[in-house]
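These notes concern the structure reproduced below.
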Amino acid sequence: QLPAIAADRPNILWITSEDNDYGWLGCYGNTEAQTPRLDALATHGVLFKHAYSNAPVCAVARSTIINGAYAVTQGTQHMRSRHPISKKYKPYTSYLRKLGYYCTNRAKTDYNFRGNDRSIWDECSGKAHYKNRPEGAPFFAIFNLTVSHESSLFEAKIKNNRARGLIPKKPRIDPAKVNIRPYLPDLPEIRSDIAIYYDTMTALDTQVDKLLDELKKSGLADDTIVLYYSDHGGITPRGKRYLKDSGIRVPMLLHVPQKWQHLSPFKPGQKVDEPVAFVDLAPTLLSITGTEKPGQMQGRAFLGPHRVAAAKDHHVFLYADRFDEIYGMRRGLTDGRWKYIRRFTPNLAAAPYSYYQFGQAGWRGWQHAWKGNKLKGRHHDIWEGNQPVEELFDTQSDPWEVTNLATDSTHAKRLVNMRTRLKEKMIEVKDTGLIPEPMFAKLAPQQPVSSYWNTRAKDIPSLVDIAFTASARDADNLPGLIAKLRSNDSITRYWAAQGVLILGKAASQAEPDMTRLLTDTQSAIRVSAAQSLFKLGQREKALTALMAELNDDNNEYAQQNAINAITQINALSSIPDSWIKATQRNKNAGQYLKRLADKLAKNRQKK
């Protein structure tokens, strides 16, 4: 029987797309776009000018959305992983279902934490639909449209989409005439991908149109709040996986019918300036139903009776960690205009962040042009190590974030302020990214890493400080880092070792300590020590140590981290055949390790 409290609540329909940042829609000012249905939704509804995915990749973003908590607080920031999370985190559906809502999902899950994703829904499948709800029940339904995913620019998918009639055989726009964002090099492959993606976005628009028409024909449109958004940015290079707006600023459109207009402070046709983010979606959803935000949720409701207005200095928190095979750590803040990004692994190149992206001709073309020494400036530098530690952008005057103001003395005060705010935010949210993923299982065996982290809450400020110090790439910090290499705390030793690694040859004074750390109890520290020694000229010693790390077959993340280091020193050819064969046979080996083993085996067979 339907709870009485559910008798007069709005239906809620979410429509999501994949990998398209805000700039691909006509309603966001793109005159080359052909997205009439989404544009109409914006015209008659509400357009959020500054909506952000806290993470620039899908599963991490979804873990943030579903539980209303930052992935870095939960320990779900690594893409992909299945680490356990605290029982205090509950999906928004658990609250809605108690209110009598029928909750359906067609059909994306992938929430990046251990558990049965489908069990949180009343119906979760390719046929899930609100029409299957009990009579009189309000519904929450989410339709995940996948046509715009980055794989839509893979050759096989392009061919398939053309054969199905989703996109035309010849692009609507001549690739030679498309506009290219300034952060991208002008290459034929990138021009072609852009032209094809415009057609793909039109196909997406048509699918949205069908869903909205279906809602109207069912007679439910006047009783249903509709929200459309993309799961993060993309799709062309330097989009997805980047904390630039091309990776995290998403289109978000809202329609609130007249009956429920009192739940929204925004008027039809309004373009909203206040920043909103994915961490806000669960609290907002609950507020619409009259439910207060539970204590473990970290966002703010921007609709409904429990709305919390954005403070004048409100900033959205951004994070990026491991993407598939490749480790790295970045954090950021934005207030909708000013963007601050901090690299905690500035020794690494800014491309690639994943090998999956090379399914796109544009990414391959860019890499090929770089290897051929045909690029200059930012188009070349993205592929090189020793990236800027800090970036500061004025997205109002520089919407594509190509001019880093971090070294401009005019903005020194703002830079310090945003750096301080980021430190405070990481402490506030208890950022588990400070713990290297290979340490998760050792420091928090059989428990959520956040539970372990809570026991060390008083230590987090000092660990944030050392992470900032280590990543600063300042040789004046070397004596302090060397002292911390001898700490009893493994996380402190790790960041000190990272700081020495980031300094490179300027840290020769630390060589004896780094040699000692080759026998540390933690794999992540041993790997950092080996990488540092390699830079200091101890190549054979470093390579021997890194190969030894591959024997830890009980910790796929330790192995993966070692693989990263081996890749960075161009030593994949030194990985023994025995490891390749054992990994191929091991049914429990991680998917990325298996993928590498298969690739190495194939390459060696060719030779």
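Positions are given from 1 along the sequence.
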Short side-chain to backbone donor-acceptor contact, [X] and [Y], under 3.5 Å:
X: Arg118; Y: Cys124; answer: yes
X: Lys339; Y: Leu243; answer: yes
X: Asn564; Y: Gln560; answer: yes
X: Thr73; Y: Lys430; answer: no
X: Gln360; Y: Ile235; answer: yes
X: Lys594; Y: Asn586; answer: yes
X: Gln298; Y: Tyr70; answer: yes
X: Ser192; Y: Pro188; answer: no
X: Asn404; Y: Glu390; answer: yes
X: Arg322; Y: Asp324; answer: yes

For residues [X] and [Y], determine if any side-chain heavy atom of one lies less than 4.5 Å from a side-chain heavy atom of the other.
X: Asp577; Y: Arg604; answer: yes
X: Ile120; Y: Pro91; answer: yes
X: Ile525; Y: Trp495; answer: no
X: Lys541; Y: Phe534; answer: no
X: Tyr592; Y: Tyr355; answer: no
X: Asp489; Y: Arg456; answer: yes
X: Thr76; Y: Ile85; answer: yes
X: Ile563; Y: Glu549; answer: no

Among Ile575, Leu550, Leu593, Leu600, which residue meets the side-chain contact (heavy atoms from CB on, under 4.5 Å) test with Thr583?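 With Thr583 as partner, Ile575, Leu550, Leu593, Leu600 yield a single side-chain contact (heavy atoms from CB on, under 4.5 Å), made by Leu593.
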Show, in sequence, the C-alpha distance, side-chain angles and deciding distance for Arg526 and Leu546, and conclude whether the side-chain contact (heavy atoms from CB on, under 4.5 Å) test is met. CA-CA 8 Å; Arg526 298 194 298 268; Leu546 289 173; over 6 Å; no
Taking 4.0 angstrom as the limit, do [X] and [Y] come out as a salt bridge?
X: Glu189; Y: Arg364; value: no
X: Asp431; Y: Arg331; value: yes
X: Lys108; Y: Asp117; value: no

Quick one, Tyr356 with Phe323, criterion ring-ring contact (aromatic ring centres under 6.0 Å, His included). Give me CA distance, side-chain angles, the key distance, then yes/no. CA-CA 10 Å; Tyr356 181 75; Phe323 296 125; over 10 Å; no
Rounded at 0.5 Å granularity, tell me how far [atom1] in [X] sits from [atom2] in [Y].
X: Leu422; Y: Ile341; atom1: CG; atom2: CD1; result: 10.5 Å
X: Arg585; Y: Asn588; atom1: CZ; atom2: CG; result: 13.5 Å
X: Ser17; Y: His232; atom1: OG; atom2: NE2; result: 9.5 Å
X: Gln568; Y: Ile326; atom1: CD; atom2: CD1; result: 9.0 Å

Find out whether the Lys NZ or Arg CZ of Arg241 is both under 6.0 angstrom from the six-membered ring centre of Tyr353 and within 45° of the ring's axis. no
List the atom of [X], the atom of [Y], and the distance in Å for their closest heavy-atom pair.
X: Ser528; Y: Met514; answer: O-CE, 4.1 Å
X: Ala496; Y: Ile466; answer: N-CD1, 4.1 Å
X: Leu478; Y: Ala510; answer: CD1-CB, 4.4 Å
X: Leu153; Y: Ile196; answer: CD2-CG2, 3.8 Å

What is the ring orientation for His83 with Tyr557, classed by angle as parallel under 30°, tilted 30 to 60°, or perpendicular over 60°? tilted
Classify the ring geometry between Tyr242 and Trp363 as parallel (under 30°), tilted (30 to 60°) or perpendicular (over 60°).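 If you compare the ring of Tyr242 with that of Trp363, the planes turn out parallel.
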Measure from the ring center of [X] to the ring center of [Y] and say whether it is less than 6.0 Å.
X: Phe393; Y: Tyr340; answer: no
X: Phe317; Y: Tyr319; answer: yes
X: Phe468; Y: Phe344; answer: yes

Run the side-chain contact (heavy atoms from CB on, under 4.5 Å) check on Asn20 and Asp231 step by step: do they pass? CA-CA 8 Å; Asn20 57 290; Asp231 66 346; 6.0 Å; no
Just wondering, more than 12 heavy atoms not from [X] lying within 6.0 Å of its [atom1]?
X: Glu540; atom1: CD; result: no
X: Lys425; atom1: NZ; result: yes
X: Arg539; atom1: CZ; result: no
X: His380; atom1: NE2; result: yes

With side chain to side chain donor-acceptor pair (under 3.5 Å) as the test, would you mind laying out the steps for Asp598 and Gln584 before giving the verdict? CA-CA 7 Å; Asp598 290 342; Gln584 287 180 309; 2.9 Å; yes
State which residue, out of Arg191, Lys374, Arg181, fulfils the salt bridge (charged side-chain N to carboxylate O under 4.0 Å, His left out) condition with Asp186. Arg191
For Glu391, the option from Arg330, Arg342, Lys244 that meets salt bridge (charged side-chain N to carboxylate O under 4.0 Å, His left out): Lys244
Please report the C-alpha distance between Ile248 and Asn54 in whole Å, then the side-chain angles of each, then the deciding distance to 0.1 Å, and finally whether the side-chain contact (heavy atoms from CB on, under 4.5 Å) criterion is met. CA-CA 7 Å; Ile248 48 87; Asn54 298 95; over 6 Å; no
Assess, by modelled atom type and distance only, whether the side chains of [X] and [Y] contain a donor and an acceptor separated by less than 3.5 Å.
X: Asn144; Y: Asn105; answer: yes
X: Asn67; Y: Gln74; answer: yes
X: Glu18; Y: Thr146; answer: no
X: Thr432; Y: Gln77; answer: yes
X: Glu511; Y: Gln538; answer: yes

Could you go step by step and tell me if Asp21 and Arg249 meet the salt bridge (Lys or Arg N to Asp or Glu O under 4.0 Å) rule? CA-CA 6 Å; Asp21 64 64; Arg249 187 175 163 198; over 6 Å; no
Taking Arg516 as the fixed residue, which of Thr519, Asp520, Asp513 is the one that meets the side chain to side chain donor-acceptor pair (under 3.5 Å) rule?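 One option only clears the test, and that one is Asp513.
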Could you check Ser471 against Gln498 for side-chain contact (heavy atoms from CB on, under 4.5 Å), going step by step and ending with a plain yes or no? CA-CA 8 Å; Ser471 59; Gln498 280 290 106; over 6 Å; no
